[in-house]
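The first residue in the sequence is number 1, and the count goes up from there. Remember, predicted model here, so these are calculated numbers, not experimental data. All ligand and atom numbering here is 1-based and tracks the order in the structure.
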Amino acid sequence: MRISVIGCGYLGAVHAACMAELGHDVVGVDVDERKVAELSAGRAPFFEPGLPEVLERATASGRLRFTTDMSEAAGAQVHFVAVGTPQTAGSHAADMTYVDAAVTALLPHLADGDLVVGKSTVPVGTAARLAERVRASSSGADLAWNPEFLREGFAVKDTVSPDRFVYGVPAGAGGERATALLDEVYATALATGTPRLVMDYATAELVKVSANAFLATKISFINAMAEIAEATGADVTQLADAIGHDARIGRKFLNAGLGFGGGCLPKDIRAFQARADELGLESLAFLADVDAVNLRRRAKVVDLTVELVGEVEGARVAVLGVAFKPDSDDVRDSPALDVARALHDRGASVRVHDPEANETARRVAPELDYVADVDSALRDADVVLVLTEWKQFRQLDPAHVAELVAELRIVDARAVLDLGAWRAAGFEARGLGRP
Ligand code: UGA
């Protein structure tokens with residue numbers, strides 16, 4: 001099938017490459033010339049495990065190309081809209097500028113029978129609004145909403161073999177047509193028994209934001225327990241293990257620590273609250289607490305660091321990890337980067353190493369000192385902070401670190417180190433919610 005993907009960021013680039021990998025003929029369209037040039041050369045413009053290989057194969061097969069020219073979307077039967085919906089400056093609502101602009105630019109190129117498929121995370125009500133515009137464009141085209149649940153770091157796997165497909169479709173024959181087209185797009189995964197749920201637009205839009213709100217709530221729940229554990233001497237990791245054995249609760253997303261960040265969970269819970277406010281509903285008021293607990297963890301790590309070093313002004317701080325999570329170079333709303341900046345702002349001399357995110361972080365926080373390897377970050381440090389749980393940081397050897405640093409102090413903000421082993425090696429070692 002011929003497919004266009006409008007927007008080639010973290011979501012769209014992966015989607016375009018994976019659709020080509022599945023045998024479709026794909027054109028990716030983006031307004032960013034640099035991104036299009038990189039992708040056209042078969043290079044991923046960001047770090048995502050597995051993506052370079054898929055891009056290379058898909059580009060070589062001739063089934064995948066990228067362009068800045070929207071008119072090249074013409075001829076595709078299915079047009080995925082995968083542009084960003086960032087947080088509006090000054091408000092918490094989703095900024096719909098890019099979605100609206102993408103649809104506006106696409107409309108003149110639609111043909112009778114085409115299906116526009118929204119993938120972006122949007123406020124409930126968007127699909128119905130856009131569907132009217134698509135149908136009014138007189139092309140006989142229609143619209144479906146097909147939210148995306150991929151996780152960065154696992155984006156290729158999540159796109160090719162997701163947990164489930166959700167189709168938000170119009171009622172009646174239009175819905176049947178849209179479902180049949182999407183089934184054709186996803187035939188490979190559907191053949192392996194991947195569940196596919198067909199529903200109305202509003203429900204499909206809500207599935208996405210409620211899934212993210214639930215995940216954020218789960219993380220903030222365990223981080224709230226970490227605060228209680230800190231006040232009582234309990235151990236939140238043991239608590240998570242114990243409650244996680246209850247299949248109704250589950251152990252996943254109960255890792256207490258520095259909390260959630262990235263381009264999705266933080267802005268999605270805020271946009272969801274803003275939408276509920278618009279609807280005159282108090283239903284999502286609790287998400288303000290979810291947000292607050294999450295942000296308090298960042299402040300807690302700054303406080304712990306200050307406590308350990310005494311005088312923060314001039315203290316040499318080794319920051320290990322600035323990506324919002326491992327296996328990503330994404331620093332959007334990164335808790336780690338926030339902590340690093342806060343310490344810098346208080347006068348500390350902050351040296352940062354991230355296996356992949358040094359460059360992305362440097363673009364937004366050039367004031368920090370980025371170094372190419374772990375040892376350079378550790379050398380002469382007064383305190384070491386593990387802020388993103390990259391595998392190489394989990395495997396740090398206390399004896400080796402002790403040889404490099406000036407003072408034996410470490411904060412494990414992601415609960416990945418054996419604090420006992422570090423203490424046995426002479427370190428003053430602190431964690432979150434752990435004695
Ligand atoms: C999230 C969702 O997990 C995806 O399903 C969704 O498609 C995506 O947002 C999106 O809306 O596009 P992602 O932002 O890639 O995916 O990252 P997650 O793996 O969800 O992690 C989010 C944050 O939560 C990270 O900062 C991570 O460190 C933190 N986290 C995660 C915890 O602090 N504790 C945990 O137990 C799990």
K.L.:
In chain order, what residues pass the side chain to side chain contact (heavy atoms under 4.5 Å, CB included) check against Asp291, with sequence neighbours excluded?
P.N.:
Ile269, Arg270, Leu295
K.L.:
Is any NZ, NE, NH1 or NH2 atom of the basic residue among Asp327 and Arg151 found under 4.0 Å from an Asp or Glu carboxylate oxygen of the other?
P.N.:
no
K.L.:
Is the shortest distance from a Lys or Arg side-chain nitrogen in Asp142 or Arg177 to a carboxylate oxygen in the other one below 4.0 Å?
P.N.:
no
K.L.:
Who pairs with Asp95 by side chain to side chain contact (heavy atoms under 4.5 Å, CB included), at least two apart in sequence or on another chain?
P.N.:
Pro86, Thr88, Thr97, Tyr98
K.L.:
Can you tell me which residue pairs pass the side-chain hydrogen bond (donor to acceptor under 3.5 Å, both in side chains) test with a partner in residues 42-55, sequence neighbours excluded?
P.N.:
Glu38-Arg43
K.L.:
Inspect the contact between Arg275 and Glu205 and indicate whether a charged nitrogen and a carboxylate oxygen are less than 4.0 angstrom apart.
P.N.:
no
K.L.:
Near ligand 1, which residues have a heavy atom under 4.0 Å away from one of its atoms?
P.N.:
Glu148, Phe149, Leu150, Arg151, Glu152, Lys208, Asn212, Leu215, Ile219, Phe253, Leu254, Asn255, Gly259, Phe260, Gly261, Cys264, Leu265, Asp268, Phe324, Lys325, Arg414
